A.B. asks: 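Right, I'll just put the structure down here and ask away after.
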Amino acid sequence: MIAKLIVASGKSAGRSIAIKRNRLLIGRAEECDVRPLSEDVSRRHCEVLVGPAEVWVADLGSRNGTFVNGERISEKTKVVDGDIVRVGALELKVSCVDPAAKAGTEDDVSRWLVADEKPAGMFDTTQTLPLQPATENPKPPAATGGSAITRNPVAVGEALKAAKSEPGSLPAAAAAKKKADSSRDAAAEALKKFFENR
């Protein structure tokens, strides 16, 4: 479980407090992780405990109490994403994310982009085309609703191999422009012109 607390009100609203260990201590004492500057907060006020699948808040015998969603708690209380924990005047919104659930959602788009568990670009495209024997009188593409390429995967494979074997090159004008774009060349050209004009 990845948990953090987000300040819900006051001048620090929106700031988040990451819970890096399994326990976050709130209070005015020096050993506390979050130290609100308020006399309403006890030296060791409350703690937030993060387990593998749950988040809990426990009051540590504070004078003014710890509140979860407006209700004062007297024992360790389970909190969920969106709950509000109030310590003195400080209101903290709980944010919980289950890393296992997150990994399988929109963050894991690699499964959409690969075929047969192979990285994109690492498979022969002719494998995905259905192989059909060539006929003596093939139908024209318009009659089949497809193109000649989809009907003859062998020709597709040959065309791909030919395209890969002959690398392309930039036109001469583009190559000259690329050379002129170099900052070192441009600086040398500018200095040359400067000294020629003197």
Side-chain angles (χ1 to χ4, degrees), residues 1-130 150 160 177-178 181-184 186-187:
M1 177 70 63
I2 299 171
K4 63 182 176 179
L5 301 174
I6 301 168
V7 180
S9 61
K11 62 181 180 180
S12 298
R15 291 186 62 186
S16 65
I17 303 163
I19 304 175
K20 296 179 181 175
R21 298 186 305 268
N22 292 345
R23 179 176 182 247
L24 180 87
L25 188 61
I26 301 174
R28 290 185 294 116
E30 286 187 24
E31 72 265 17
C32 294
D33 301 302
V34 178
R35 295 171 42 194
L37 299 174
S38 171
E39 291 298 320
D40 294 337
V41 178
S42 299
R43 291 182 55 74
R44 290 174 45 91
H45 198 99
C46 69
E47 63 184 353
V48 180
L49 306 165
V50 180
E54 298 173 330
V55 179
W56 301 81
V57 175
D59 186 74
L60 299 176
S62 65
R63 182 181 63 223
N64 293 319
T66 302
F67 297 81
V68 174
N69 296 327
E71 294 184 27
R72 186 172 183 158
I73 61 170
S74 57
E75 56 189 32
K76 188 164 91 168
T77 304
K78 181 180 173 182
V79 291
V80 296
D81 189 55
D83 283 350
I84 301 290
V85 176
R86 185 165 58 83
V87 177
L90 180 64
E91 290 186 336
L92 303 166
K93 181 179 179 182
V94 178
S95 174
C96 305
V97 177
D98 182 7
K102 185 177 181 184
T105 59
E106 71 275 355
D107 291 342
D108 189 15
V109 295
S110 60
R111 290 185 181 165
W112 301 345
L113 301 176
V114 296
D116 300 327
E117 300 297 322
K118 295 179 185 176
M122 297 300 290
F123 58 91
D124 186 0
T125 56
T126 58
Q127 293 175 356
T128 59
L129 297 174
T150 58
L160 287 173
K177 183 178 184 317
K178 182 179 179 189
D181 286 343
S182 169
S183 60
R184 184 179 294 173

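Position 1 is the first residue of the sequence; numbering continues from there. What you are looking at is a predicted structure, and each value in this text was computed from that prediction instead of being measured.
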A.B. asks: Got a sec, which residues hit side chain to side chain contact (heavy atoms under 4.5 Å, CB included) with Ser9, two or more places apart in sequence or on another chain?
C.D. replies: Glu91
A.B. asks: Could you list the residues that satisfy salt bridge (charged side-chain N to carboxylate O under 4.0 Å, His left out) with Glu47, not counting sequence neighbours?
C.D. replies: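 Testing Glu47 for salt bridge (charged side-chain N to carboxylate O under 4.0 Å, His left out), a comparison that skips the adjacent residues, returns Arg23.
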A.B. asks: Heavy-atom distance under 4.5 Å between the side chains of Val34 and Ile17, does that happen here?
C.D. replies: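 Yes, side chains in contact.
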A.B. asks: What heavy-atom pair brings Leu24 and Ala18 nearest, and what distance separates the two atoms?
C.D. replies: CD1-O, 4.5 Å
A.B. asks: Residues in side chain to side chain donor-acceptor pair (under 3.5 Å) with Asp59, at least two apart?
C.D. replies: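 Listed in chain order: Ser62, Thr66.
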A.B. asks: Got a sec, which pairs hit side chain to side chain donor-acceptor pair (under 3.5 Å) with one end in residues 25-39, sequence neighbours left out?
C.D. replies: Arg21-Asp33
A.B. asks: Where do Val48 and Val85 land on the side chain to side chain contact (heavy atoms under 4.5 Å, CB included) test, with the steps shown first?
C.D. replies: CA-CA 10 Å; Val48 180; Val85 176; 5.8 Å; no
A.B. asks: Taking only residues two or more places apart in sequence, or in another chain, which ones meet Ser95 in a side chain to side chain donor-acceptor pair (under 3.5 Å)?
C.D. replies: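 Partners of Ser95 under the side chain to side chain donor-acceptor pair (under 3.5 Å) test: none.
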A.B. asks: If I compare all heavy atoms of Leu90 with all of Pro36, which pair ends up nearest, and what's the gap?
C.D. replies: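 The pair with the smallest heavy-atom distance is CD2-CG, 3.8 Å.
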A.B. asks: Looking at every non-hydrogen atom in both residues, tell me the closest pair between Asn64 and Asp40 and how far apart they are.
C.D. replies: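 Taking Asn64 first and Asp40 second, the nearest heavy atoms are ND2-O, 2.9 Å.
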A.B. asks: Less than 4.5 Å apart, any side-chain heavy atom of Val94 and any of Leu5?
C.D. replies: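 Heavy-atom side-chain distance check passes, below 4.5 Å.
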A.B. asks: Closest heavy-atom contact between Cys46 and Leu25?
C.D. replies: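 Minimum heavy-atom contact is O-CD1, 3.6 Å.
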A.B. asks: Any sub-3.5 Å donor-acceptor pair from His45's side-chain atoms to Gly61's backbone N or O?
C.D. replies: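 A pair under 3.5 Å: no.
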A.B. asks: I want to check something: taking the side chain as every heavy atom from C-beta on, are Leu92 and Ile26 in contact at a cut-off of under 4.5 Å?
C.D. replies: yes
A.B. asks: To the closest 0.5 Å, what do you measure between NZ (Lys20) and NZ (Lys4)?
C.D. replies: 12.0 Å
A.B. asks: Can you give me every donor-acceptor pair (side chain of residues 74-81, partner residue at least two apart or in another chain, under 3.5 Å) with its distance?
C.D. replies:
| from | atom 1 | to | atom 2 | distance (Å) |
| --- | --- | --- | --- | --- |
| Thr77 | OG1 | Glu75 | O | 2.9 |
| Lys78 | NZ | Glu54 | OE2 | 3.3 |
| Asp81 | OD1 | Cys96 | N | 2.9 |

A.B. asks: Which pair of heavy atoms, one from Gly27 and one from Val41, lies closest together, and at what distance?
C.D. replies: CA-CG1, 3.9 Å
A.B. asks: Measure across Arg63 and Ser42 and return the closest heavy-atom pair with its distance rounded to 0.1 Å.
C.D. replies: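 Arg63 and Ser42 have their closest heavy atoms at N-OG, 3.1 Å.
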